[in-house]
There are 2 protein chains.
Amino acid sequence: MAAKPPYHHGNLKPALLEAALQLISEVGPAAFTLREVARRAGISHNAPYRHFREKDELLAAIAAQGFERLGDALANPGPWKSGAGSGAGKPALERFQASGLAYVRFALNAPEHLLVMFDWPLTPAHYPNLAASAERAFSILVGLVQGAQTEGSLPPGDAMEQACIAWSMVHGVAKLAISHRLPFRNEAEALSFAARSIQALYDGMAPPKSGPKKRGGRG
Amino acid sequence: MAAKPPYHHGNLKPALLEAALQLISEVGPAAFTLREVARRAGISHNAPYRHFREKDELLAAIAAQGFERLGDALANPGPWKSGAGSGAGKPALERFQASGLAYVRFALNAPEHLLVMFDWPLTPAHYPNLAASAERAFSILVGLVQGAQTEGSLPPGDAMEQACIAWSMVHGVAKLAISHRLPFRNEAEALSFAARSIQALYDGMAPPKSGPKKRGGRG
DNA sequence: ACCTGAACACCGTTCAAGT
DNA sequence: ACCTGAACACCGTTCAAGT
């Protein structure tokens with residue numbers, strides 16, 4: 001097998017995306033350069049222009065890929081709490097809360113994706129794929145809210161507003177966690193904090209009233 | 001008449017910071033260049049190096065300035081809710097919630113500051129002023145949490161954890177709002193949403209226990 | 001001290017030319 | 001079609017030199 005074929009036979013585009021992600025994970029999106037991506041792919045510095053009109057179009061492709069994967073993660077999240085009592089009581093609520101955890105898990109596992117998706121100034125109007133995949137991910141979240149409303153786990157009312165509030169919560173946790181501004185040493189601690197944040201948003205941070213006991217305690 | 005004095009007499013550093021902020025607000029931190037800042041200040045392209053060791057040091061100065069102003073805003077926030085019924089019951093709680101609103105207001109009024117503070121990869125260990133001002137701002141938040149705990153408006157327990165949860169909430173709202181990912185057309189709508197998010201975190205998103213539907217406790 | 005022009009090694013993007 | 005080297009106008013940073 002030739003170690004470095006002089007010509008790529010049509011598989012250059014995915015190879016460029018992969019090399020770009022690897023580079024961003026090393027140097028961040030700000031220091032990311034197209035010429036270095038080309039170097040790592042073993043091609044000349046302007047060959048990428050056969051596949052991407054400009055640098056931002058490559059970044060937009062990465063962002064769109066990220067929103068697709070994020071949408072998949074939201075639609076098919078892992079378990080919410082493995083522990084006691086999560087039997088069959090409130091499946092829609094559990095999926096809603098698990099999707100929040102999946103959001104943070106996605107960020108921790110692919111921080112370079114999240115950075116390009118949210119911290120790079122891409123005009124979404126110019127990249128329809130990006131706008132569509134972002135829209136899809138948000139729609140999935142709204143659907144989870146509506147499911148919990150139907151179930152009675154969330155109050156009736158504006159599902160989009162409730163989705164935006166939940167989104168803000170997990171987005172804040174994700175952004176602060178991957179920029180190492182929260183005091184966590186590993187992914188498990190960060191995910192545990194994310195779960196507590198999601199629970200706090202559902203139950204409220206207020207101290208329990210002297211009357212009826214609050215729901216959803218841990219333990 | 002002297003529109004452009006050929007020499008700056010010691011006031012060049014603040015002039016550079018101001019020009020830099022203006023430029024960032026126009027093009028974003030990614031497209032921000034030191035040479036353009038120098039051009040706007042009317043000096044040669046390497047004169048800034050008399051005041052900043054490198055480009056990142058200027059950005060670190062901007063970030064530190066931002067954390068100072070953010071800390072001031074948290075310590076002295078505006079009113080929480082001007083309207084009905086917020087009499088004089090819980091001043092510490094109201095200051096805590098108002099500080100969250102002040103966080104979002106700061107972001108909306110100085111988005112270029114927030115971008116540099118949180119979205120530029122500055123190694124904080126290399127810029128002590130930045131680390132100190134960020135630490136101060138966070139300490140103010142923790143103090144507000146402790147005040148609410150003493151008052152009984154927040155449950156006893158880890159004040160830092162509660163501060164991190166509240167921070168994540170308002171940071172998510174701020175970041176999504178200034179990147180125009182939430183459906184708001186003006187600052188008033190965004191601030192109103194921020195207030196509802198803060199209230200939701202305090203009260204919980206769960207429907208009230210005496211709600212319309214079956215709401216059996218768990219088990 | 002503070003500022004300057006020239007220089008270096010980069011970068012994004014374009015273009016005429018190769019196979 | 002897909003790739004190439006040369007070129008252009010930038011950029012961050014350095015340096016010897018001016019006042």
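Protein chains get the first letters and strands the later ones, always in sequence-line order, with residue 1 at the start of each. Quantities reported herein were computed from a predicted structural model and do not represent experimental measurements.
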Which parts of nucleotides 9-17 of chain D does protein reach within less than 4.0 Å, heavy atoms only, written one letter per nucleotide 5' to 3' as B for base, S for sugar-phosphate only and - for none? --SBBBB--
Side chain Gln149(B), main chain Pro155(B), donor-acceptor under 3.5 Å: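 Side chain of Gln149(B) to backbone of Pro155(B), a donor-acceptor pair under 3.5 Å: yes, one is there.
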Main-chain N/O of Ala188(B) paired to Ser192(B) side chain as donor or acceptor, under 3.5 Å: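 The answer is no, because no donor-acceptor pair under 3.5 Å joins these two groups.
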Could Glu26(B) and Arg40(B) be called an ion pair, given the rule that one side-chain N must be under 4.0 Å from one carboxylate O?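 Salt bridge: yes.
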Under a 4.0 Å threshold between the charged nitrogen and the carboxylate oxygen, would Glu189(A) count as salt-bridged to Arg185(A)?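 No.
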Tabulate below the donor-acceptor pairs under 3.5 Å that side-chain atoms of residues 28-35 of chain B make, not counting sequence neighbours, or state none.
| residue | atom | partner | partner atom | Å |
| --- | --- | --- | --- | --- |
| Thr33(B) | OG1 | Glu36(B) | N | 3.2 |

Test: salt bridge (charged side-chain N to carboxylate O under 4.0 Å, His left out). Region: residues 61-73 of chain B. Which pairs qualify, not counting sequence neighbours?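 Every pair satisfying salt bridge (charged side-chain N to carboxylate O under 4.0 Å, His left out) with a residue in residues 61-73 of chain B: Asp72(B)-Arg136(B).
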Using whole Å, what does the distance between atom C1' of nucleotide dA1(D) and atom NZ of Lys13(A) come to?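 From Lys13(A) NZ to dA1(D) C1': 15 Å.
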Base-pair string, DNA chain D, Watson-Crick plus G-U, cut-off 3.5 Å on both distances, | for inter-strand, is ||.|||||...|||||.||
Identify all side-chain donor-acceptor contacts of residues 104-118 of chain A below 3.5 Å with residues at least two apart in sequence or on another chain.
| residue | atom | partner | partner atom | Å |
| --- | --- | --- | --- | --- |
| Asn109(A) | ND2 | Arg105(A) | O | 3.4 |
| His113(A) | NE2 | Gln65(A) | OE1 | 3.0 |

All pairs passing side chain to side chain donor-acceptor pair (under 3.5 Å) where residues 154-170 of chain A contributes a residue, at least two apart: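 Sorted result for residues 154-170 of chain A: Tyr103(A)-Trp167(A), Glu161(A)-Arg196(B).
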